[in-house]
Amino acid sequence: MAYLFLALAIVSEVVGTVSLKLSEGFTRLGPSVAVVVGYLLAFGLLSQALTRGLGVSVAYGVWAAAGVALVAIAGAVLLGESLTWVQIGGIALVIGGVLALELGARPA
């Protein structure tokens, strides 16, 4: 159940971040509301994931890595931003680092 809350927190954060770009400096009402709601939901859901037993380093690491990857993909697909092979490699390194955190957190 903790990972479900974490997944929902990630989606909320990605929606908030993409909406931040679409808000054009908070000059557009709809995307501006989506930013506030997205971030409030993200932190609330992240706190629920932590309450249900996820370690903070693992939860935040997964949240951050998945958020980086998903925002980069959303930026390329929805906003026409570039996504080079170097950037894709960087995302892979971030995900690999989080995987190392996850594997290192499990007792041997």
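- Classification of the Trp63-Tyr60 ring pair by plane angle, with boundaries at 30° and 60°, yields perpendicular.
- In terms of heavy-atom proximity, Ala65 sits nearest to Val98 at CB-CG2, 3.4 Å.
- Placement of Val14 and Phe43 within a single hydrophobic cluster is found when ILVMFWY residues are connected by side-chain heavy-atom separations under 4.5 Å, directly or transitively.
- Under the 4.5 Å side-chain heavy-atom criterion for Ile, Leu, Val, Met, Phe, Trp and Tyr, Val68 and Trp85 are members of the same hydrophobic cluster.
- Annotation: side chain of Lys21 is not in contact with side chain of Val18 (no heavy-atom distance under 4.5 Å).
- Nearest heavy atom pair, residue Ser12 against residue Ala42, reads CB-N, 3.7 Å.
- The two residues Ser82 and Gln87 come nearest to each other via the heavy atoms O-OE1, 3.5 Å.
- Note on Leu79 and Val11: separate hydrophobic clusters, where clusters join Ile, Leu, Val, Met, Phe, Trp and Tyr whose side-chain heavy atoms are under 4.5 Å apart, directly or indirectly.
- Residues Leu8 and Met1 are members of one and the same hydrophobic cluster, defined by side-chain heavy-atom contacts under 4.5 angstrom among Ile, Leu, Val, Met, Phe, Trp and Tyr.
- Looking only at distances, a side-chain donor or acceptor of Ser47 sits under 3.5 Å from a matching main-chain atom of Gly44.
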Inset, instruction - Could you walk me through whether Ile91 and Leu83 pass the side chain to side chain contact (heavy atoms under 4.5 Å, CB included) test, one step at a time? - result: CA-CA 10 Å; Ile91 291 168; Leu83 189 58; 4.3 Å; yes

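- Closest approach of Gly16 and Val35 over heavy atoms only: O-CG2, 3.5 Å.
- When all heavy atoms of Val56 and Leu50 are compared, the closest pair comes out as CA-CD2, 3.7 Å.
- Between Arg52 atom CZ and Leu6 atom CG the span is 12.5 Å, to the nearest 0.5 Å.
- Looking at heavy atoms from C-beta onward, Leu78 lies out of side-chain contact with Leu22 at the 4.5 angstrom threshold.
- Within the model, atoms CD of Glu13 and CD1 of Ile10 stand 8.5 Å from one another, a figure rounded to the nearest 0.5 Å.
- With values rounded to the nearest 0.5 angstrom, Phe5 atom CZ is found 11.0 Å from Leu54 atom CG.
- Looking only at side-chain heavy atoms (C-beta outward), Thr17 and Leu70 stay at 4.5 Å or farther from each other.
- When the ring-ring contact (aromatic ring centres under 6.0 Å, His included) test is applied to Phe26, no partner is found at least two apart in sequence or on another chain.
- The heavy-atom pair separating Leu46 from Ala59 by the smallest distance is CD1-CB, 4.2 Å.
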